[in-house]
Every structure is written in structure tokens, then in C-alpha cells.
There are 2 protein chains.
Amino acid sequence: MNMLTSQELTNLLRERGYKVTPQRLAVYEALADETWHPNAEMLFNKLQPKFPAMSFATVYKTVEILHDINVIQILNTGEDSFRYDADISEHYHLRCLKCGAVDDALMDDGVKLQLTQDVEKQSGYTISRRQFYFFGLCPKCSTMH
Amino acid sequence: MNMLTSQELTNLLRERGYKVTPQRLAVYEALADETWHPNAEMLFNKLQPKFPAMSFATVYKTVEILHDINVIQILNTGEDSFRYDADISEHYHLRCLKCGAVDDALMDDGVKLQLTQDVEKQSGYTISRRQFYFFGLCPKCSTMH
DNA sequence: CTTATTGCAAAGTCTTTGCACAGCA
DNA sequence: TGCTGTGCAAAGACTTTGCAATAAG
């Protein structure tokens with residue numbers, strides 16, 4: 001995945017007039033660390049050990065800023081809470097209906113373009129973004145019957 | 001669109017052990033009446049004239065039942081609230097980033113299958129459902145500059 | 001030293017729940 | 001008549017906002 005270094009993130013924040021704080025770097029690192037799509041609570045829990053005083057308000061404010069400077073994307077997989085993804089490349093998401101896991105899948109650019117053009121023609125819309133969600137059973141839950 | 005008659009809905013509700021009430025029929029009719037993807041508040045407002053005493057609780061309970069008996073689908077277009085759709089055929093949804101309109105587009109079965117198989121192969125998931133959202137400008141907002 | 005950010009608590013949205021009364025079967 | 005459904009109000013989950021203390025530049 002194409003994650004930013006602390007230095008790159010620092011520069012981006014400064015360019016946009018945001019100050020650089022340990023919390024902001026840590027939230028981004030937590031998101032970029034692995035293929036992970038946490039919601040606010042999961043992020044909060046992960047950051048607890050390092051920032052025992054951190055509040056949910058900071059988590060929410062921070063992801064809003066990271067989204068604003070376009071280094072993370074916000075996912076709505078049909079749950080009650082939003083999930084956050086440090087991979088900003090356009091890709092699909094899958095959610096396991098049994099265990100709740102959320103995973104990535106790659107998007108083929110040719111298919112994506114074809115689909116978008118078809119839908120634009122049908123609908124008259126000018127399309128700038130897509131979000132595709134697949135629901136089913138993850139590999140683990142598929143084999144456990 | 002393939003909407004149910006009151007009689008068909010009545011039968012389905014009874015089959016599943018639900019009672020048939022004017023509110024339930026009216027919520028379904030409101031949804032089926034037009035190509036419309038209201039959230040709870042929009043539904044509530046639409047039903048106000050006919051049912052001035054109806055509460056939000058009834059709206060929410062009713063859409064849950066209609067979803068349970070599989071006559072409506074629930075959409076997450078990335079807004080704060082869910083939207084409801086009486087068209088249960090699998091189709092795309094578009095949301096206008098300017099005026100907030102939510103519209104339908106048809107889903108090509110061939111493309112759907114191809115995509116699903118690709119993603120299953122990549123991810124190891126067993127996929128049973130999809131929700132695809134396109135974001136951009138609707139025809140009206142595209143031409144108004 | 002100035003201004004933005006943090007953390008807390010309170011408020012705000014959307015949705016769900018509990019319960020008494022009303023209405024379907 | 002029996003039991004589910006409705007409507008109200010209160011509670012719940014997630015997120016946002018206001019503000020004083022704190023930290024960044």
C-alpha cells in the first residue's frame with residue numbers, strides 16, 4: 001500500500017494550514033500500519049496505550065482533517081459507524097456478514113471505466129466517484145460451517 | 001417497477017405472522033409510488049397528511065418489517081441516514097453531490113457476474129450481495145453551472 | 001507570543017426500546 | 001377476546017460542538 005511517511009504527512013498538514021501533533025500522526029500511522037478498516041472506536045482502542053488521555057473528539061476531528069487533506073477515505077459499509085481507510089486508491093470493499101470483517105479487493109480500471117460510462121449514459125449523471133460494496137462470507141467463515 | 005398490490009403485500013405480511021395495518025400499507029405505497037429513495041424523515045413527512053398521529057417509531061418499525069419480508073431494500077449512500085427503496089431488484093444507485101438526489105440505474109447481469117467472480121477469486125469471499133454507488137452531478141446540476 | 005488543538009462534557013442526530021392504549025384477527 | 005401494533009417519551013449509539021487549558025509554530 002502507498003502510505004505516506006511522517007514527513008510527507010507533516011508537509012501536507014502544514015501546506016493546508018493544519019498543525020502537526022503527535023495525535024494526528026498517530027491516527028494516520030494506526031490506519032496505515034496494516035490493511036485495516038477501523039471505525040472510531042477501534043481506532044480509539046488501538047491508540048489507548050500510547051495516548052491514554054486521548055478522547056473520541058480528537059479521533060473524530062483528526063479523521064475529518066485527514067479526509068480533508070485527502071490522505072484517507074471514509075467508508076460506509078452499512079453498519080452503524082463509519083470506517084476509515086488510509087488506502088485512498090479506488091478499490092472495492094467486502095464485508096463478511098458473519099464476522100463483520102471488512103477487506104479490500106482490487107478494481108480493474110477497464111471494467112470500472114466501462115461501468116461508469118454505461119451508467120453515465122443511462123442516467124445522464126456526470127460521475128466523479130464510485131463506492132462498491134460486496135457482502136458475503138469471508139474465507140474463514142466460508143469454511144466454518 | 002415491479003411493485004406489489006395491497007393484496008399481495010397483505011398476503012406476505014400475514015404469511016410471516018405480521019398484522020396488516022393502514023400504516024404498513026401506506027409506508028409501502030409511499031415507497032412504491034414513484035422512483036423515490038426517501039429516508040425516514042422524508043417518509044414521515046410524506047405520510048403526515050394522511051396519518052397526522054404517526055410517529056417516527058412506527059416508520060422505523062415498519063421499514064424494518066418490510067425489509068424483513070423482503071419487499072424493500074435499505075440503502076447507505078454515505079449520508080447520515082438510511083434510505084429505503086421499494087425496488088428490490090439489484091440495481092445501481094447514484095447520488096448527486098450538489099442537490100442530494102438519489103437515482104437508480106440498471107445493473108447489467110453479465111457485468112455483475114463477471115465482477116463478482118473476479119472479486120471472489122481475488123478475495124476468497126463467497127459473495128451473496130452487492131451495493132454499488134456512483135457519485136457525481138445529476139443531469140440538472142450538470143447543466144446548471 | 002499567537003493561534004490552533006486537545007480533552008472533557010454537553011449537545012445533536014438518527015434510530016431503537018418500553019409501555020399503555022388502540023386496533024387487527 | 002387475545003395479542004400485536006401504534007404513538008409517545010425516554011434511552012441508546014455514534015458523532016459534533018463549546019470551551020478552558022495546553023501545545024505548536
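FYI, side chains are in, hydrogens and waters are out, and symmetry mates aren't considered; it's all heavy atoms of this structure. All figures in this text were calculated on a predicted structure; none of them were measured in a lab. By convention in this document, chain letters (A, B, ...) are assigned in the order of the sequence lines, proteins followed by strands, and residues within each chain are numbered from 1.
For A:R24, a side-chain nitrogen or oxygen approaches OP1 or OP2 of C:dT6 to under 4.0 Å. Proximity of B:T21 to the phosphate of D:dT6: a side-chain N or O atom is located under 4.0 Å from OP1 or OP2. Neither OP1 nor OP2 of D:dA13 sits under 4.0 Å from any side-chain N or O of A:S81. The phosphate of C:dT6 (OP1 or OP2) has no side-chain N or O of A:S55 nearer than 4.0 angstrom.
Among C:dC14, C:dT15, D:dT6, the nucleotide with an atom closest to any side-chain atom of B:T58 is D:dT6.
Summarising the geometry, the separation between OH on B:Y60 and C1' on C:dG18 is reported as 18 Å, rounded to the nearest angstrom. Computed from coordinates, the B:Q23 CD to D:dC8 P distance equals 11 Å when rounded to whole Å. For the pair B:L43 CG and C:dT15 P, the computed distance is 11 Å after rounding to whole Å. Between the CZ atom of B:F44 and the C1' atom of C:dT13 there is a distance of 15 Å, rounded to whole Å. If you measure from atom NZ of A:K61 to atom P of C:dT5, you get 10 Å, rounded to the nearest angstrom. Distance, B:N76 CG to D:dC14 P: 15 Å, rounded to whole Å.
The residue B:E41 sits apart from the nucleic acid: no heavy atom pair falls under 4.0 Å.
Between A:H93 and A:H37, the angle of the ring planes goes over 60°, which puts this pair in the perpendicular group of the 30/60° scheme.
Along DNA chain C, the nucleotide nearest B:A57 and the nucleotide nearest B:Y18 are compared for position; the residue whose nucleotide lies closer to the 5' end is B:A57. With DNA chain C read from its 5' end, the first of the two nearest nucleotides for A:T62 and B:N39 is the one closest to A:T62.
A donor-acceptor contact under 3.5 Å is formed by the side chain of A:K19 with the base of C:dT3.
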